[in-house]
Structures are given as C-alpha cells and as structure tokens.
Amino acid sequence: MQWFIFMTASSVALPIVIGGVFHLPQDEIASLMQRTFLVVGLSSALQSIIGHRFPIVDGPAGSWVSVFIMMAAMAAQQGQNAKEALQLLQGGMLLAGLLLFVLGVTGLFYKLISLFTPLVTNTFLFILSLQLSGVFLKGMLSLGDETGMPSGYWGAVVALGVFVLVIFLTIRGTGWMRQYAVLLGILTGWGLHVLVSGGIATDMPMQMEWAMKLPEVFAWGMPRLNPGMAVTASLFSLILVSNLIAAVTAARQVIPREEKEERKTFNRSSMIGGVSHGLAAAYSAIGIVPLPVTASFIRMTGQTRRKPFLWACLALSFISFVPGIVNFLAMLPTSVASAVSLATFVQMTGNSFQSLTQAAQTQRQLTILGIGLLVGVGFTLVSASLPQGLPIVLQYALGNGLLIATLLVMALEKLWRPESGIPHSSSNAYPS
C-alpha cells in the first residue's frame, strides 16, 4: 500500500501541470493522466525485473517537463498548434529512447559515466529547479489561466498553504506524516479548494465510467521530428544518462548488496530506459525516468523488497484501465498540483546547492560553476525573446538554458583540466 500511494502521488501532479501549460481541456488532461499511470506502472516493473533490478519508481521527468514547457512557449510565440508541438515531443522521446537503448545494448552507457561529475549533475539539478519554479508558481497563482481563479484570491492562498504544509511535514513531520507529506498536501489542498470555491467546478466532467477502457495510442497524432527536435533529443539523452545514474546510485546506498557486474546493471537500465521512452511516446505521455527521490522513501519506510513494489506497479497499471478513477484524480486543481510539485523540488534544490558547495572548492571549479549558472539562467530568461528568424536548430538549442548549461559545464570539466596536485571531482557522488 505504501508503494502504491507513493507511486500515485509521484505521478498525479505533472500531467495536470502540463495540461495547464498547453491549455488542454479537462477530458484530455484526464486521458493524459490515464496514459501516464500505465507507462509509469509498466516502466517501473520492467526496470525492477529486467533493468537495474531495484525497487525504484519511474515517474514523469522534471527534465522532460522543461522541454515540454519550452515547446509550449515556442508554439505560442510562433502561432503553432499545440498538437503539432506535442507530436514533435513524441518524436523527440522516440529518438531519445532509441539512443538510450543503443547505449545500453552496445555497452557505451557505462563509458559515459565519467562525464557526469558532481559539478555537472548538481548544476543540472539546480538550474532545473530554477527553470521549473516559475511554471509552478504561475500554476499556483493561476496566472495566465484563461478561466481565471474560480475562488478569487483564496485559491492562491490555499495553494501557498499547501506549499508550506508539504515542506513542514517533509522537514518536521515524523513517521507516516512525513512519509505521506505529498499525499496529505494533495488531500488537504483539494478539500480546502472545494470549500473556498463553493464546491466542485460544474464544467469538469463527472462521468464515472467503470467499464474497462484501454488508453489511447498516439493520442496526439503520429510522431513528427524536425532538425531542431532531433538535435535537442540527441543532446538531451546525455541528461537522461545523468538522471538514471543518480537514481541507481542513490538506491544502492539504501539497499546495499553485492554488485559484481555494475557495468551490466547500468547498461540494462539504459536499455529499459529506452523502452520506457518508446512507451511514453506511443502512449502520448510525459517522458518517464527513474526517480532519485525513491531512495529517500525507502530510507524512511524500510521498504526494500521488490514483491510489494511489483504489486504496486500492477495496481497502478490496472487503474489506468478504469476511466472513472482517473477522471476523478484529474479533477485535482492545477493550483494544488503546482504547489505540491514546487514543494517536492525544494529538497532537491537544497541538496543540489549543498552538493555544489562541496564540488566547487577550487577557483577552476567555481569559475566553471559560475559560467554554467549565468549562461543557463540567462538563456532561460531570454528564451521567449529569441528572434523567430533563427534557424530551427538554434531556436530549439538556445531556447533551453538547462541543456546549454549542462553541456557547457560538461565540456569545461573535460577541456579545462585541474592543476597538478589538485583533486578532480569524483564521478561517483550523485545526489539522492
């Protein structure tokens, strides 16, 4: 039961946030959540049985969310149809999945590990948090929502209260309250939102369809690919490598076991990661990755066995076939979902900042960090102002400050060698 609640809570918020960014109608948000549940359940089970073989929850990737947000902004700026942007994202996930699969099959994945020093990994996590914070705050305050805040300013007050509650329970909570901080935040915020808005919104569908229904394949249409998305997805595959390494490394710290063939563990995980991205593209969902935060859940609950975890995967996949349940969960207010998502990034931001202070000790490391942060945040701020006359490849590349900063720090770490006698950052330390 603990695994099922954690898995559901980790998967329910981001589909709602993405639906709001692309201004999808309520029934399409419910459909997106249905497909996401299926992919999360299948991907988590495949990784646990065939891939890394740890009980690590796969969930919607914050890094992919940043690409979705970039595409939504570009579509709005260029007057492009949202479905066309989503089809390009499907194509990008297919390409990224193919590259991950090839890296795993050929054994090249393990050879890339040396590229991801703590400076690279934590710069990525820090800028990711900064990049998504504006989106989550916008959702919390219902800024840019065409329908407005149904409960006036009280909706924003509830969202801010949920944000504070989840952080408080995460830091000060004990026992089950800390374990289920996200779930308690969702339930409390949802209930208060219903009270201040005078009941559940009447424009939301309430049909409880209990008949089994298969999630739709290629719900956004057939995948498309252009040069810009092809380059973005190819480079983004490197970031997915970092995410996977961080999740597996964190799990190994809380579930000690003899690992005679570490190389094969990472290569298998990369192969299944490619399959997971193929499933996400086929079912028009958000890109799925192993979540490093799972290690914290295991540490708190002591749930290290795979059997209960696999039952939870099966249960979540089963729920995706019951539209009535998914439609109800999809009615979670966007402001509450955004508040919970922002709160979950607080700990990750703090951990990455702490790790950066440890990784950046020398003048060389501090300079590389400063360049990466300034360039990454700078391009994030000016991405909406890029001239439309730029080649499509440059629009996609320069529109994602996270990608530029990660690749820049990675290149500087390799090209600017440390002085003799000064230790280089270890590539074996990753945030949990």
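What you see below is based on every heavy atom in this structure, not just the backbone, and it leaves out hydrogens, waters and symmetry mates.
- Here the closest heavy-atom approach between residue D58 and residue V40 is recorded as O-CG1, 3.0 Å.
- A distance of 7.0 Å separates OG in S338 from CZ in F136, rounded to the nearest 0.5 Å.
- Here the closest heavy-atom approach between residue K414 and residue S114 is recorded as NZ-O, 3.7 Å.
- In plain terms, the two heavy atoms of V336 and L332 that are nearest each other are CG1-CD1, 3.9 Å.
- Classified by interplanar angle (parallel below 30°, tilted 30° to 60°, perpendicular above 60°), the ring pair H52/F54 is tilted.
- Taking OG1 of T106 as the reference point, atom CG of N267 lies at 7.5 Å (rounded to 0.5 Å).
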Given S31 and E216, is the side-chain hydrogen bond (donor to acceptor under 3.5 Å, both in side chains) satisfied, shown in steps?
CA-CA 8 Å; S31 180; E216 186 179 355; 4.9 Å; no
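- Using a 4.5 Å heavy-atom threshold, the side chains of L141 and S335 count as separate.
- Although no hydrogens or angles enter the test, the distance criterion places a donor-acceptor pair under 3.5 Å between the side chain of S320 and the main chain of S317.
- In this structure, the separation between CZ on F236 and NE2 on H277 is 7.5 Å, given to the nearest 0.5 Å.
- R224 places no side-chain N or O within donor-acceptor distance of the main-chain N or O of Q87, the cut-off being under 3.5 Å.
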Would you sort out whether K307 and L310 count as a side chain to side chain contact (heavy atoms under 4.5 Å, CB included), showing the intermediate values?
CA-CA 5 Å; K307 188 174 181 180; L310 291 174; 5.8 Å; no
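- Put simply, CZ on F126 and CG on L369 are 8.5 Å apart, with the number rounded to the nearest 0.5 Å.
- Under the 3.5 Å distance criterion, the side-chain polar atoms of S129 are matched with a main-chain donor or acceptor of L125.
- Between L225 and G92 the shortest heavy-atom distance is CD1-N, 3.8 Å.
- Taking each heavy atom of A337 and A13 in turn, the nearest pair found is O-CB, 3.8 Å.
- To the nearest 0.5 Å, the span separating CD1 on I16 from CG on L24 amounts to 12.0 Å.
- Considering only heavy atoms from C-beta on, L42 stays 4.5 Å or farther from S276 through its side chain.
- With salt bridges taken as basic N to acidic carboxylate O contacts below 4.0 Å, one links E28 and K83.
- Checking side-chain atoms of T380 against main-chain N and O of G376 turns up a donor-acceptor pair under 3.5 Å.
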Taking it one step at a time, do M229 and M71 satisfy side chain to side chain contact (heavy atoms under 4.5 Å, CB included)?
CA-CA 10 Å; M229 179 53 71; M71 291 297 296; 3.7 Å; yes
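- The closest side-chain heavy-atom distance from L119 to I368 is below 4.5 Å.
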Full working for side chain to side chain contact (heavy atoms under 4.5 Å, CB included) between W190 and V162:
CA-CA 9 Å; W190 200 347; V162 169; over 6 Å; no
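- A donor-acceptor contact shorter than 3.5 Å is absent between the side chain of R268 and the backbone of G104.
- Between the side chain of Q365 and the backbone N or O of Q361 there is at least one donor-acceptor pair closer than 3.5 Å.
- Summarising the geometry of I319 relative to V326, their closest heavy-atom pair is O-CG2, 3.6 Å, with the distance given to 0.1 Å.
- Taking 4.5 Å as the limit, every side-chain heavy atom of Y110 sits out of range of all side-chain heavy atoms of I245.
- Between F124 and V409 there is no side-chain heavy-atom pair separated by less than 4.5 Å.
- Checking side-chain atoms of R306 against main-chain N and O of S48 turns up a donor-acceptor pair under 3.5 Å.
- By the neighbour-count criterion of 12 heavy atoms within 6.0 Å, atom CZ of F353 is sparsely surrounded, having that number or fewer from other residues, nucleotides or ligands.
- Residues W220 and L32 are in side-chain contact: their nearest non-hydrogen atoms beyond the backbone lie under 4.5 Å apart.
- Under the 3.5 Å distance criterion, the side-chain polar atoms of S355 are left unmatched by any main-chain donor or acceptor of N122.
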Please assess F101 against S270 for the test side chain to side chain contact (heavy atoms under 4.5 Å, CB included), listing each intermediate value before the final yes or no.
CA-CA 6 Å; F101 188 83; S270 180; over 6 Å; no
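- In this structure, S237 contributes its side chain and A233 its backbone to a donor-acceptor pair below 3.5 Å.
- Listed for the S269 side chain is no donor-acceptor partner under 3.5 Å among the backbone atoms of F266.
- Between W311 and F4, the gap from one ring centroid to the other reaches at least 6.0 Å.
- Rounding to the nearest 0.5 angstrom, the gap separating the CG atom in N226 from the CD atom in E84 is 11.0 Å.
- Between L132 and I69 there is a side-chain heavy-atom pair separated by less than 4.5 Å.
- Taking 4.5 Å as the limit, some side-chain heavy atom of W416 sits within range of a side-chain heavy atom of T367.
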